[in-house]
Asker: 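Quick one: the structure is below, and I'll ask about it shortly.
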Amino acid sequence: MFFVPAPKRAPQQNGDRVRVPETNPQVAEIAAALRMAREARAAVDAIPSRYAGGLMALARERYEQGDAGIYDRIAQGLDAVAAAIEQNAVFRRTLESPLIPAETQLKAVLAVLDDPATGLSVPREVRNFIGVVIRNRRAALLARIIAAFRALDAERRGEEQAEVVTAVPLDDTRRAQLLAALNRAGHARVRLAERVDPAILGGLVLKLGSRLYDSSIRSRLQRLAHAMKGAA
């Protein structure tokens, strides 16, 4: 058996002191702020899933009671609301503003849903659910709650949920090409949740599960700007 001798320590001279690093108050404050921001973000991210899970539980209960069409009615109603949020800028700003009282937001939603010109068909379950969301001051998260429900519904159907963001609405040809490309990549049953965002300028952003594919023109310009900055 071999023993490795411990290294000899130099004798401590008089006046030598072991310095303990002091915590920088500014660094500690920044670290605490970042930690609080992460916790707040995690809490906000959990809210859409929680509301969507509650609505899915209601649909499951109604289905077990014999209402065979409940899933489709809720999904179609939420799709109609999501389309109204996407296409009506005033409606969207009303929901997103924290300064507008909940009752005013609810009246604005019902005015859009009840307007014969919109042709929206929203079942009672969806109307009641939206009322709960707005009265709980979660109106700004309504679009994300709808997206979370779509993901749960796709999982129930044995499908994958893919969110695709484009600068202009997808036409039938581009939609078919995208689905065919996903099929070739091994994603045979994909349900698209389409969203228009002119800010991406062109191309598309695709989120499939935990994976994000960004081929937007905005992203390409950002990468080009970073590359030019690094070369300067």
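Bear in mind the structure is a predicted one, so any value in this text is a computation, not a measurement.
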Asker: Side-chain donor-acceptor contacts of residues 178-188 below 3.5 Å, not counting sequence neighbours, with atom names and distances?
Answerer:
residue: H187; atom: ND1; partner: E160; partner atom: OE1; Å: 2.7
residue: H187; atom: ND1; partner: E160; partner atom: OE2; Å: 3.2

Asker: Tell me whether L192 shares a hydrophobic cluster with I85, the cluster being built from Ile, Leu, Val, Met, Phe, Trp, Tyr side chains joined at under 4.5 Å.
Answerer: no
Asker: Indicate, with yes or no, if Y63 and I74 share a hydrophobic cluster defined by side-chain heavy-atom contacts under 4.5 Å among Ile, Leu, Val, Met, Phe, Trp and Tyr.
Answerer: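 Per the 4.5 Å side-chain linkage, I74 and Y63 are co-clustered.
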Asker: Could you give the distance from CD1 (I100) to CG (L106), rounded to the nearest 0.5 Å?
Answerer: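 The CG atom of L106 is 13.0 Å from CD1 of I100, to the nearest 0.5 Å.
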Asker: Treating R92 as the side-chain partner and E86 as the backbone partner, does any N or O pair qualify as donor plus acceptor under 3.5 Å?
Answerer: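 The answer is yes, because a donor-acceptor pair under 3.5 Å joins these two groups.
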Asker: For the CG atom of L141 and the CG atom of L95, what is their distance to the nearest 0.5 Å?
Answerer: 10.5 Å
Asker: Mind checking whether L58 and F149 sit in one hydrophobic cluster, side chains of I, L, V, M, F, W, Y counted as touching below 4.5 Å?
Answerer: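 Linked, L58 and F149 end up in one cluster.
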Asker: Is the side chain of R174 donor-acceptor paired with the backbone N or O of P169 at a distance under 3.5 Å, no angle test?
Answerer: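 Side chain of R174 to backbone of P169: no pair is present.
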Asker: Could you give me the CA-CA distance, side-chain angles and deciding distance for E163 and E194, then say whether side-chain contact (heavy atoms from CB on, under 4.5 Å) is met?
Answerer: CA-CA 6 Å; E163 180 182 359; E194 301 175 20; over 6 Å; no
Asker: Do the rings of Y51 and F129 sit parallel, tilted or perpendicular, given the 30° and 60° boundaries?
Answerer: perpendicular
Asker: Which heavy atom in A199 sits nearest to a heavy atom in R218, and how many Å separate them?
Answerer: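 Nearest heavy atoms, A199 then R218: O-CD, 3.5 Å.
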Asker: Hey, does V90 have a side-chain heavy atom less than 4.5 Å from the side chain of R93?
Answerer: yes
Asker: Give me the atom names and distance for the closest heavy-atom approach of V126 to L78.
Answerer: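 So the two residues come closest at CG1-CD2, 3.9 Å.
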Asker: Closest approach of A80 and V122, non-hydrogen atoms and distance?
Answerer: CB-CG2, 4.4 Å
Asker: Closest approach of A148 and P48, non-hydrogen atoms and distance?
Answerer: CB-O, 3.8 Å
Asker: Under a single-linkage definition using a 4.5 Å side-chain heavy-atom cutoff for Ile, Leu, Val, Met, Phe, Trp and Tyr, are L142 and I47 assigned to the same hydrophobic cluster?
Answerer: yes
Asker: Mind running side-chain contact (heavy atoms from CB on, under 4.5 Å) on Y71 and R62 for me, showing each step along the way?
Answerer: CA-CA 9 Å; Y71 288 112; R62 297 287 175 83; over 6 Å; no
Asker: Mind listing the closest non-hydrogen atom pair of L206 and A162 along with its distance?
Answerer: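 Shortest heavy-atom contact: CD1-CB, 3.9 Å.
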Asker: For the pair S219 and R223, evaluate side chain to side chain donor-acceptor pair (under 3.5 Å) and give the outcome as yes or no after the intermediate values.
Answerer: CA-CA 6 Å; S219 178; R223 289 195 293 269; 2.7 Å; yes
Asker: In plain terms, say whether R175 and D172 are close enough for a salt bridge, that is, a side-chain N and a carboxylate O under 4.0 Å apart.
Answerer: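 A salt bridge is present here (some side-chain N lies under 4.0 Å from a carboxylate O).
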Asker: Check the pair R73 / I70 against side-chain contact (heavy atoms from CB on, under 4.5 Å), numbers first and verdict last.
Answerer: CA-CA 5 Å; R73 287 204 312 276; I70 185 64; 3.3 Å; yes
Asker: T94 and Q105: which non-hydrogen atoms are nearest, and at how many Å?
Answerer: O-NE2, 3.0 Å
Asker: For the hydrophobic clusters of this structure (ILVMFWY residues joined by side-chain heavy atoms under 4.5 Å, transitively), does one cluster hold both L152 and L55?
Answerer: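 Yes; tracing contacts between hydrophobic side chains, which count when under 4.5 Å, links both residues.
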Asker: Is it true that D153 and R156 have a side-chain N and a carboxylate O under 4.0 angstrom from each other?
Answerer: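 Result for this pair is yes, salt bridge flagged.
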